[in-house]
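All remarks here apply to the structure that follows.
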Amino acid sequence: MRSDIVKQGDSRAAHRGLLRACGVGENDFNKPFIAICCSYTDIVPGHVHLNDVAEYLKQCVREAGGVPFVFNTIAVDDGIAMGHPGMKFSLASRELIADCVETMVTAHCFDGMICVPNCDKIVPGMLMGAIRCNIPTVFASGGPMEAGRKVMPGEPQKGDNAKGERGLDLIDIFVAAAAKQKGDITAEQLTEIEKAACPTCGSCSGMFTANSMNCLCEALGMALPTNGSLLATSAERKRLFKKAAERVIQMVKDLEDGKTGFLPCDIININSIDNAIVLDMAMGGSTNTVLHTMAIANEAGIPYDIKRINDLSNQTPNVCKVSPSCHYHMEDVHNSGGIHTILGSIARGKPGLLHLDAMTVTGKTLGENIAQFDLRADTVSQEALELYAVQGTGRRNSKGMSVEREAATVRDLTLGFDPYDCIREVENAYSQVGGLAILHGNLAPNGAVVKSAGVLPQMLVHTGPAVIFESEPEAYEGIVAGKVKAGDVVIVRGEGPKGGPGMQEMLAPTTAIKGVKLDDSVALITDGRFSGGTAGACIGHVSPEAASGGPIGLLKDGDIIDIDIPARSLNVRLTDEELAERKKGWKAPEPRIKKGYLAKYAKMASSADTGAILKWE
């Protein structure tokens, strides 16, 4: 075993002494050493319960015949870091997490690893670290938050239940805050929404970046079925964690027996990345998934052109919409059959698009997993029927794995919605192209990204004058102060990987546009990025960024911007000669931050179209 490096032979006597001091028993030295890479912290709702998850996983690893060792990574809460300089550290933390995983696993010679992420950058950071280490690894996330429930002020009674309540999430708080500033709701109403929208532990309840990445892990092959949709509060997640422990121990044993094909660098290949992108397009995931997928591919040494993403988008129907693009939440997706039912819909309606022979950490192919966990398949397993029966309680609860399943199977549930609308079949898809699109043009020569699934039909094609802001806070203040009018195109620049630095999210400006009721007439373009909770005509990741001399940095107020999402184009009405003339007068801006981690990050950060990875060669 790999761990024999630190536990066998006379030269490792001191090592064994230290291991005994950690609690390793005399019968443990011939067992696999399993790292439990956790990301517990008290400041992130998606992570507050992960200490309990790690402790349960320790028990499961012991029962499966291994010796567990927990270590933790950092975790930034994007919502709490939003709207102030802390957000600049969010994307940058991905690289620190990857380094942390690589450091701990390499330094201590673990045989296998269970990664326990949940939110945003933690998932891709751990994936990047797992690729570097390339030991048997299973991803087992903390699970999504339950949606909040409330009768909303000023809305017609269109709720999801008999009380007229509708599902709420974090985005509703941002929108309500902007509405309160505009005078549309009272302070008391804002407080009521604030208290109702985030009721439990878990990653925020929409298809934001955290849940998008946890779902993509299923299609990528690195996580077990239901990983991305089974509620954090459900006791059924224990079943998932137990199986994760059993699988990692079995993979370690298989490796010792000379078997191959299940290490991260075997599972993560161009076909499995294609599968993940197809899922992303089918469910209209976060635009950040493009950024992270490019970084993961780079880490694995896989050439993956951003244009390939567009090719897959053009072939993949958008069969599922979830908040912020729709009123559905993750628990609704789960009761409708989860990720493998979305994949099943694509496999039925678009034969050959998915690589069904791709291997996964279950020890089975993606196609075999779909056969067992597609709720609409004749071959669906009893386990899947039971797991898909999990529902929330609607009560405030910060303790994970605590709510017992009440219904015997999902067939016994009375749902307040049509599961065939939540997860549609291809012939009834929202659109016959994917929920994300890559745009090119003279404003984005190297590309830009938009969540097309979240764009109102009237905004898919839009022309308007540029209203320029040089930072995210400036944009938010300008929008709520009335500086943006119907028909405008908001430009937020200087927020790319180098310029920000850190490519902070634009959730505050985008929700402000919605809050002042301009989302049906105003677009936003940025070299920064968006929260997975962003919806609307919001185009990010514009490359090259302003700080690198990209065309977005040459724009002036009033320049006419042409957006055509169906045609995948993004242009400013300037000739090449006019842009070249402006470029002559352009000077690189002074770095905003000149010391500390972000100063180092800014020097090494690459463009968004390459995943904003760090380069030092």
Side-chain angles (χ1 to χ4, degrees), residues 1-7 15 22 32-41 47 50 54 57 66-76 89-141 213 217 220-223 244 248 251-252 255 262-269 272-273 291-302 304 361 497 502 597-598 600-601 603-606 610-617:
M1 285 183 287
R2 187 172 183 269
S3 59
D4 288 348
I5 296 171
V6 298
K7 65 187 184 186
H15 301 62
C22 294
F33 279 14
I34 305 300
I36 298 173
C37 174
C38 189
S39 47
Y40 160 69
T41 172
H47 294 241
L50 296 189
L57 277 168
V67 184
F69 297 89
V70 175
F71 70 87
N72 280 279
T73 71
I74 60 171
V76 173
F89 286 87
S90 173
L91 178 62
S93 72
R94 183 187 70 185
E95 318 308 314
L96 291 174
I97 291 163
D99 291 347
C100 171
V101 174
E102 178 190 15
T103 298
M104 291 298 290
V105 170
T106 306
H108 302 104
C109 301
F110 295 118
D111 297 299
M113 177 165 59
I114 302 171
C115 287
V116 190
N118 218 23
C119 294
D120 298 77
K121 293 73 43 202
I122 295 89
V123 184
M126 286 186 181
L127 280 167
M128 292 162 69
I131 290 167
R132 294 178 195 174
C133 300
N134 204 34
I135 61 174
T137 302
V138 177
F139 274 66
S141 74
M213 289 304 304
C217 281
L220 192 62
M222 290 300 295
V248 78
M251 287 193 288
V252 170
L255 188 64
F262 47 79
L263 296 179
C265 288
D266 300 322
I267 290 173
I268 299 174
N269 53 49
S272 65
I273 292 177
L291 197 70
H292 296 321
T293 302
M294 298 295 291
I296 291 163
N298 176 80
E299 199 69 59
I302 300 167
Y304 207 87
V361 293
Y597 175 56
L598 286 179
K600 180 172 66 174
Y601 177 88
K603 285 185 178 294
M604 294 189 289
S606 67
T610 61
I613 59 171
L614 300 187
K615 293 183 177 180
W616 51 87
E617 296 178 359

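The shown structure was predicted, so the numbers you read here are calculated from the model rather than taken from an experiment. Worth knowing before you read on, the calculation uses all heavy atoms, side chains too, and leaves out hydrogens, waters and symmetry mates.
- A donor-acceptor pair under 3.5 Å links the side-chain atoms of D111 to the main chain of F33, judged by distance alone.
- Residue R132 forms a side chain to side chain contact (heavy atoms under 4.5 Å, CB included) with just one option from V105, V101, D99, and that option is D99.
- When all heavy atoms of T106 and C133 are compared, the closest pair comes out as OG1-SG, 4.4 Å.
- Using modelled atom types, one side-chain atom of S272 and one backbone atom of I267 make a donor-acceptor pair closer than 3.5 Å.
- Rounded to the nearest 0.5 Å, atoms OG1 (T73) and CG (L96) are 10.0 Å apart.
- Of all non-hydrogen atoms in H47 and C119, the two that sit nearest each other are NE2-N, 3.1 Å.
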Residues L127, F139; criterion side chain to side chain contact (heavy atoms under 4.5 Å, CB included); working and verdict: CA-CA 9 Å; L127 280 167; F139 274 66; 3.5 Å; yes
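- Rounded to the nearest 0.5 angstrom, I122 CD1 and C115 SG are separated by 12.0 Å.
- At a threshold of 4.5 Å between non-hydrogen side-chain atoms, the residues I74 and T41 do not count as touching.
- Put simply, the side chain of H108 does not reach to within 4.5 Å of the side chain of F69, judged on heavy atoms.
- In this structure, P117 and L50 approach most closely via the heavy-atom pair O-CD1, 4.2 Å.
- Taking the side chain as every heavy atom from C-beta outward, M126 and S39 approach each other to under 4.5 Å.
- Residues M604 and W616 come closest through the heavy atom pair SD-CB, 3.9 Å.
- Relative orientation of the F71 and F110 rings is parallel, given thresholds of 30° and 60° on the angle between their planes.
- Rounding to the nearest 0.5 Å places CG of N72 at 11.0 Å from CD1 of I97.
- No side-chain heavy atom of Y40 sits under 4.5 Å from any side-chain heavy atom of V70.
- Counting heavy atoms from C-beta outward, E95 and M128 have side chains that approach closer than 4.5 Å.
- Counting heavy atoms from C-beta on, the side chains of M213 and K121 never come closer than 4.5 Å.
- Under the 4.0 Å criterion applied to side-chain N and carboxylate O atoms, D120 and R94 are not assigned as salt-bridge partners.
- Two residues are said to be in side-chain contact when any heavy atoms from C-beta on lie closer than 4.5 Å; I296 and I131 meet this criterion.
- Closest of all the heavy-atom pairs between A295 and G611 is CB-O, 3.9 Å.
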M222 vs T137, side chain to side chain contact (heavy atoms under 4.5 Å, CB included): CA-CA, chis, key distance, verdict: CA-CA 8 Å; M222 290 300 295; T137 302; 4.2 Å; yes
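- To the nearest 0.5 angstrom, M104 atom CE is 11.0 Å from M113 atom CE.
- The closest side-chain heavy-atom distance from M251 to V138 is below 4.5 Å.
- Closest of all the heavy-atom pairs between V116 and I36 is CG2-CG2, 4.1 Å.
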Test log, rule side chain to side chain contact (heavy atoms under 4.5 Å, CB included), inputs I273 and T293: CA-CA 8 Å; I273 292 177; T293 302; 3.6 Å; yes
Derivation and outcome, side chain to side chain contact (heavy atoms under 4.5 Å, CB included), residues L91 and Y601: CA-CA 10 Å; L91 178 62; Y601 177 88; 3.8 Å; yes
